[in-house]
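The block underneath contains the structure these notes are about, expressed in structure tokens.
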Amino acid sequence: MLRDCFNYHDFRKLAKGRLPGPIFNYIDGGADDEVTMRRNSEAFQSCDLIPQVLTGVKDVDLSVEVMGQKLDLPVYLSPTALQRLFHHRGERATAGAAQKFGTMFGVSSLGTVSMEEIARQYDTPQVYQFYFHKDRGLNNAMMQRAKESNVNVMMLTVDSITGGNRERDLRTGFSIPFKLNLQGLWQFATRPMWGINYLTHEKFSLPQLDAHIDMGNGASSIGDYFTNMLDPSMNWKDVEEMVKFWGGEFCLKGIMSADDAKRAVDIGCTGIVISNHGGRQLDGSRSSFDQLAEIVDAVGDKIDVIFDSGIQRGTHVLKALALGAKAVGLGRYYLFALAAAGQPGVERAMKLLVAEIERDMRLMGCSKISDLNRDHIRFR
Ligand SMILES: Cc1cc2nc3c(=O)[nH]c(=O)nc-3n(C[C@H](O)[C@H](O)[C@H](O)COP(=O)(O)O)c2cc1C
């Protein structure tokens, strides 16, 4: 039951009970041996918080300004694919929750509700997550579309020029369109409520891409999209042109080194997201948290440094902010809540996280986010 959910693990468990196995494992899994995925959350244990007492905290202000957007929270909902598979309201539920909590919401290129609808229906800053296509005309047309729907921030994902090796999906046969093996089919059969919801609501589609790929008749798949349409040879020059074309807030998602962060500054980006895609791409890569301090030291005064991968707790958020991140993105934390209970699920997850952050801020002796700094952290 939703009311029995108090943390990440509770939402994950409820989601597991509601979703067909192949879909649960698509969210839950990572690449190869999932070492990076596990390390992402474990890395927060490599340092401890040092509270300051008697600082006279009366009220706690969690607001931040990041990439030109004023947010009520230092936490936003990172763009993720295929949300209507997780709950029939998909992005509508997540955007609704983001609006309620006054924070930013990311629409994925592989989103299942159109960026135009989200912009029309929800009054909350919108990020559009972009993949770079071989067809430069298509890139410009899609950016133009995002401009016309008043997207606030363009976020180019740079860690996915090829898909990660997600062996859980290989075992279940998870792909879009579904090509399930017998075991995968059986797992769908054991979750009939999911099937009823899926079949009785709007047909599955990818409205950001519908005009360019056809998922309906099985002629094309997301795998084909990555292989045939995306440009693995994209380089800094290409992205510099995109940044100019966009002419507004532009960030690169998936930066993991200080050198790349400096190059992002050089080509005119206004933000970077330190991220390893939740451990879903290059297994064996360093955790985002382990890279945060050195990247902040290199570029923190020139560009907004945002952080994601591994966040499950309010104290994780505090540690990332204390090291210098301007805001942090959530992935699985809100996706499991979405799968567990739709918008009320995401709202409960956000409410719990905000309460944790607020309580932890008080216990740390901080009344605003900018009070957090490296004096509050000690590595073991
Ligand atoms: C199911 C799922 C789908 C995702 N889809 C996308 C996507 O379409 N584009 C993207 O840039 N990142 C995508 N991500 C990555 C998230 O935006 C984010 O970087 C990551 O989930 C953060 O790690 P966490 O889940 O440990 O919080 C996805 C992540 C998950 C779990």
Side-chain angles (χ1 to χ4, degrees), residues 8-9 11-12 15 19 22-31 34-44 75-87 90-91 94 98 104-113 115 127-132 153-164 166 168-169 174-176 206-209 222-223 225-226 230 251-256 272-283 285 287-289 292 306-313 316-317 320 325 327-339 346 349-350 353:
Y8 174 88
H9 305 284
F11 288 110
R12 179 178 176 275
L19 288 174
I23 299 184
F24 172 78
N25 280 302
Y26 169 70
I27 302 175
D28 196 48
E34 304 183 342
V35 174
T36 296
M37 182 177 90
R38 282 191 297 278
R39 175 66 194 163
N40 278 341
S41 297
E42 284 164 11
F44 294 104
V75 169
Y76 69 97
L77 306 182
S78 190
T80 56
L82 311 182
Q83 289 185 21
R84 281 201 295 117
L85 287 188
F86 313 150
H87 184 275
E91 288 83 352
T94 3
M104 195 159 78
F105 167 72
V107 178
S108 166
S109 276
L110 299 172
T112 51
V113 174
M115 60 177 135
V127 170
Y128 179 54
Q129 179 271 317
F130 199 83
Y131 286 120
F132 192 84
V153 176
M154 180 57 66
M155 186 179 271
L156 177 71
T157 298
V158 290
D159 59 13
S160 304
I161 55 169
T162 184
R166 317 221 180 117
R168 296 201 210 187
D169 297 348
F174 179 89
S175 69
I176 299 294
L206 299 173
Q208 271 56 261
L209 300 174
I222 289 190
Y225 170 69
F226 273 89
L230 300 188
C251 77
L252 298 182
K253 174 170 181 283
I255 293 293
M256 285 294 289
I272 51 168
V273 186
I274 303 178
S275 167
N276 54 34
H277 218 106
R280 297 164 71 80
Q281 287 297 104
L282 178 65
D283 196 34
S285 74
S287 79
S288 299
F289 189 70
L292 176 58
I306 305 170
F307 170 90
D308 82 33
S309 295
I311 298 274
Q312 297 177 353
R313 275 284 178 200
H316 298 170
V317 176
V328 308
L330 304 173
R332 295 179 184 87
Y333 180 83
Y334 81 83
L335 285 180
F336 286 136
L338 171 69
V346 184
M350 293 301 288
L353 190 65

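Both backbone and side-chain heavy atoms feed into the values below; hydrogens, waters and symmetry mates do not. When a ligand or atom number is given, it counts from 1 through the structure's own listing order.
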Could you tell me, atom by atom, which parts of ligand 1 come under 4.0 Å of a heavy atom of Tyr131?
7 (C), 8 (O), 9 (N), 10 (C)
Return the closest protein heavy atom for atom 31 (C) of ligand 1 as residue, atom name and distance.
Arg280 NH1, 3.5 Å
Judged by heavy atoms only, the candidate from Gly278, Gly106, Gly30, Pro79 nearest atom 16 (C) of ligand 1 is Pro79
For ligand 1, is there an N or O atom under 3.5 Å from any N or O atom of Ser108?
yes
Out of the candidates Arg38, Arg332, Arg168, only one should pair with Asp28 under the salt bridge (charged side-chain N to carboxylate O under 4.0 Å, His left out) rule; please name it.
Arg168
Provide the number and element of each atom of ligand 1 under 4.0 Å from a heavy atom of Gly331.
21 (O), 25 (O), 27 (O)
Would you kindly say whether Gln83 and Tyr334 are connected by a side-chain donor-acceptor distance under 3.5 Å?
yes
Using a 4.5 Å cut-off on heavy atoms from C-beta on, say whether the side chain of Leu82 contacts that of Leu206.
yes
Under 6.0 Å from the six-membered ring centre of Tyr26 and within 45° of its axis: does the NZ or CZ of Arg280 meet both?
yes
Atoms of ligand 1 close to Ser275 [distance to a heavy atom under 4.0 angstrom, numbered from 1]:
19 (O)
Could you identify the single nearest non-hydrogen protein atom to atom 28 (C) of ligand 1 and state the distance to 0.1 Å?
Thr80 CG2, 3.7 Å
Can you tell me how the ring of Phe44 sits relative to the ring of His316, calling it parallel under 30°, perpendicular over 60° and tilted otherwise?
parallel
Check for a donor-acceptor pair, side chain of Gln312 on one end and backbone N or O of Tyr8 on the other, with a separation under 3.5 Å.
no
So, does Asn40 sit close enough to ligand 1 that a heavy atom of it is under 4.0 Å from the ligand?
no
Please determine, by modelled atom types, if Glu91 and Thr112 share a side-chain donor-acceptor pair under 3.5 angstrom.
yes
Qualifying residue for side-chain hydrogen bond (donor to acceptor under 3.5 Å, both in side chains) with Thr157, from Lys253, Gln281, Gln129, His277:
Gln129
Nearest protein heavy atom with distance in Å, relative to atom 14 (N) of ligand 1
His277 NE2, 3.5 Å
Where ligand 1 meets Tyr26 - atom numbers and elements under 4.0 angstrom, heavy-atom basis
1 (C), 3 (C)
How many angstroms lie between atom OG of Ser309 and atom CG of Leu330, to the nearest 0.5 angstrom?
11.0 Å
In terms of atom number and element, which parts of ligand 1 are under 4.0 angstrom from non-hydrogen atoms of Thr157?
10 (C), 11 (O)
Please indicate whether any nitrogen or oxygen in Leu330 is less than 3.5 Å from any nitrogen or oxygen in ligand 1.
no
Would you say Arg332 has any N or O atom under 3.5 Å from an N or O of ligand 1, going by distance alone?
yes
Please state whether Tyr333 comes within less than 4.0 angstrom of ligand 1, counting heavy atoms only.
no
Closer than 4.0 Å to some heavy atom of Ile27 - which atoms of ligand 1 meet that?
1 (C), 31 (C)
Would you mind telling me if ligand 1 is within reach of the side chain of Lys253, the backbone, both or neither, using heavy atoms under 4.0 Å?
side chain
In terms of atom number and element, which parts of ligand 1 are under 4.0 angstrom from non-hydrogen atoms of Gly310?
23 (O), 24 (P), 26 (O), 27 (O)
Considering non-hydrogen atoms of the protein only, which is the closest contact for atom 22 (C) of ligand 1, and what is the distance?
Asp308 OD1, 3.5 Å
Note: ligand 1 atoms sitting under 4.0 Å from heavy atoms of Ser309 are 22 (C), 23 (O), 26 (O)
So which heavy atom on Tyr76 is nearest to which on Met155, and how close?
OH-CE, 4.0 Å
Does the ring center of Phe86 lie less than 6.0 Å from the ring center of Phe336?
no
Looking only at atom types and distance, does a side-chain atom of Asn40 sit under 3.5 Å from a main-chain N or O of Ser287, one as donor and one as acceptor?
no
So which heavy atom in the protein is nearest atom 5 (N) of ligand 1, and how far is it from that ligand atom?
Ala81 N, 3.0 Å
